[in-house]
2 protein chains.
Amino acid sequence: MSLQATCKALADPIRREILNLLKNRRLSAGEIGSYFPVTAASISRHLSVLREADLIRDTREGKYIFYELNASVLEEVMLWVSDLRSTSPAPCAGEPKPPCRKGDFCYEGTTEKI
Amino acid sequence: MSLQATCKALADPIRREILNLLKNRRLSAGEIGSYFPVTAASISRHLSVLREADLIRDTREGKYIFYELNASVLEEVMLWVSDLRSTSPAPCAGEPKPPCRKGDFCYEGTTEKI
DNA sequence: TTTACATTTAACCTTTTGGTTAATTGTATG
DNA sequence: CATACAATTAACCAAAAGGTTAAATGTAAA
């Protein structure tokens with residue numbers, strides 16, 4: 001839902017690898033777990049982090065719960081990153097002038113809130 | 001240097017906003033700090049996380065240390081994300097067959113190590 | 001209905017993270 | 001040299017993250 005949730009979800013290597021596994025085909029929770037040296041409970045929590053970030057969707061089918069990738073959320077990340085990349089590095093020297101004082105919460109109202 | 005370090009660095013909203021601030025012009029540590037409601041020490045540690053991920057570079061000039069964005073590292077993130085996005089969602093049902101047993105560390109040797 | 005299996009949730013523990021204040025380092029200047 | 005300023009590092013603390021085992025939930029099947 002939020003860029004923050006997405007970035008947090010992507011910060012863990014197991015979660016990134018889970019997304020990778022789901023790239024081509026959907027998998028059950030158990031099958032996903034079989035790829036990692038951690039308990040099913042641990043995987044389940046990773047899955048819920050990914051689900052809360054809406055990076056994956058789940059469907060129960062009988063005994064199994066299948067997970068599939070929802071890549072659309074990554075659009076926001078792509079936009080953020082590519083916006084940062086399309087930058088004009090214009091280095092200028094000189095005495096820096098602080099645009100606001102401490103405690104003014106100047107970053108609010110800019111691109112993102114905390 | 002590593003995708004892991006980059007993703008970790010991007011997982012914090014203050015760090016993302018710092019990169020945003022550096023998008024157009026370089027800034028001194030103090031000027032960066034003036035945008036956030038935390039201490040200079042806290043900002044300094046955020047800066048070192050970003051620097052260790054090679055997302056920013058620093059240059060001392062007299063009393064000041066100027067920081068500038070190094071967007072080239074983001075290339076790796078872009079590739080990883082866009083690779084994930086260019087996926088063919090071919091949902092197939094059926095009994096899942098685990099490709100390896102618990103404790104086999106099957107994710108090693110795939111895309112990424114832990 | 002009882003049992004087994006797939007998965008999640010609860011309770012707990014350890015490590016990491018992000019914040020603070022205080023001390024340290026580096027540079028310019030009276 | 002002594003003082004002031006910019007920034008970092010050290011020491012410490014609270015909260016979050018990620019792991020485990022054990023209990024709970026949901027569904028299929030004997």
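Protein chains get the first letters and strands the later ones, always in sequence-line order, with residue 1 at the start of each.
- Considering all non-hydrogen atoms of both residues, B:L3 and A:R16 come closest at CD2-NE, 3.9 Å.
- Atom OH of A:Y64 and atom P of D:dA28 are 11 Å apart (whole Å).
- When rounded to the nearest whole Å, the span between CG of A:L47 and P of C:dA6 equals 16 Å.
- Considering B:L55, B:L50, B:D54 in turn, B:L55 is the only one that fulfils the side-chain contact (heavy atoms from CB on, under 4.5 Å) rule with B:T6.
- B:E52 has its CD atom 12 Å from the P atom of C:dG18, to the nearest Å.
- Here CD1 of B:I14 is found 12.0 Å from CG of B:L19. Values are rounded to the nearest 0.5 Å.
- OP1 or OP2 of C:dT7 has at least one side-chain nitrogen or oxygen of A:S28 nearer than 4.0 Å.
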So which protein N/O to nucleotides 24-27 of chain D N/O distances come out below 3.5 Å?
none

N/O contacts under 3.5 Å, protein versus nucleotides 16-20 of chain D?
residue : atom : partner : partner atom : Å
D:dG18  : OP1  : A:D12   : OD2          : 3.4
D:dG18  : OP1  : A:R15   : NH2          : 3.4
D:dG18  : OP2  : A:R15   : NH1          : 3.1
D:dG18  : N7   : A:R45   : NH2          : 2.6
D:dG19  : OP2  : A:S42   : OG           : 2.9
D:dG19  : OP2  : A:H46   : NE2          : 2.5
D:dG19  : O5'  : A:S42   : OG           : 3.3
D:dG19  : N7   : A:R45   : NH2          : 3.4
D:dT20  : OP2  : A:T39   : N            : 2.9
D:dT20  : OP2  : A:T39   : OG1          : 2.8

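- In this structure, B:I56 atom CD1 and D:dA7 atom P are separated by 13 Å, rounded to whole Å.
- Shortest non-hydrogen contact noted between A:R15 and A:K8 is NH2-O, 3.2 Å.
- Test B:L69, B:L47, B:V49 against B:I18 for side-chain contact (heavy atoms from CB on, under 4.5 Å) and you get one pass: B:L47.
- A:I65 meets the side chain to side chain contact (heavy atoms under 4.5 Å, CB included) test with A:D58, A:R60, A:Y67; sequence neighbours excluded.
- Between the CZ atom of B:F36 and the C1' atom of C:dG18 there is a distance of 14 Å, given to the nearest Å.
- Here the P atom of nucleotide C:dT7 and the CZ atom of A:R51 are 12 Å apart, to the nearest Å.
- Formation of a donor-acceptor pair under 3.5 Å by the A:Q4 side chain with backbone atoms of B:A11 is found in this model.
- Transitive grouping of hydrophobic side chains (ILVMFWY, heavy atoms separated by less than 4.5 Å) keeps B:M78 and A:L79 in distinct clusters.
- Rounded to an integer number of Å, the gap from A:L50 CG to C:dT8 C1' is 15 Å.
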Would you check, one step at a time, whether the test side-chain contact (heavy atoms from CB on, under 4.5 Å) holds for B:E75 with A:R85?
CA-CA 8 Å; B:E75 195 77 28; A:R85 272 168 33 82; 2.5 Å; yes

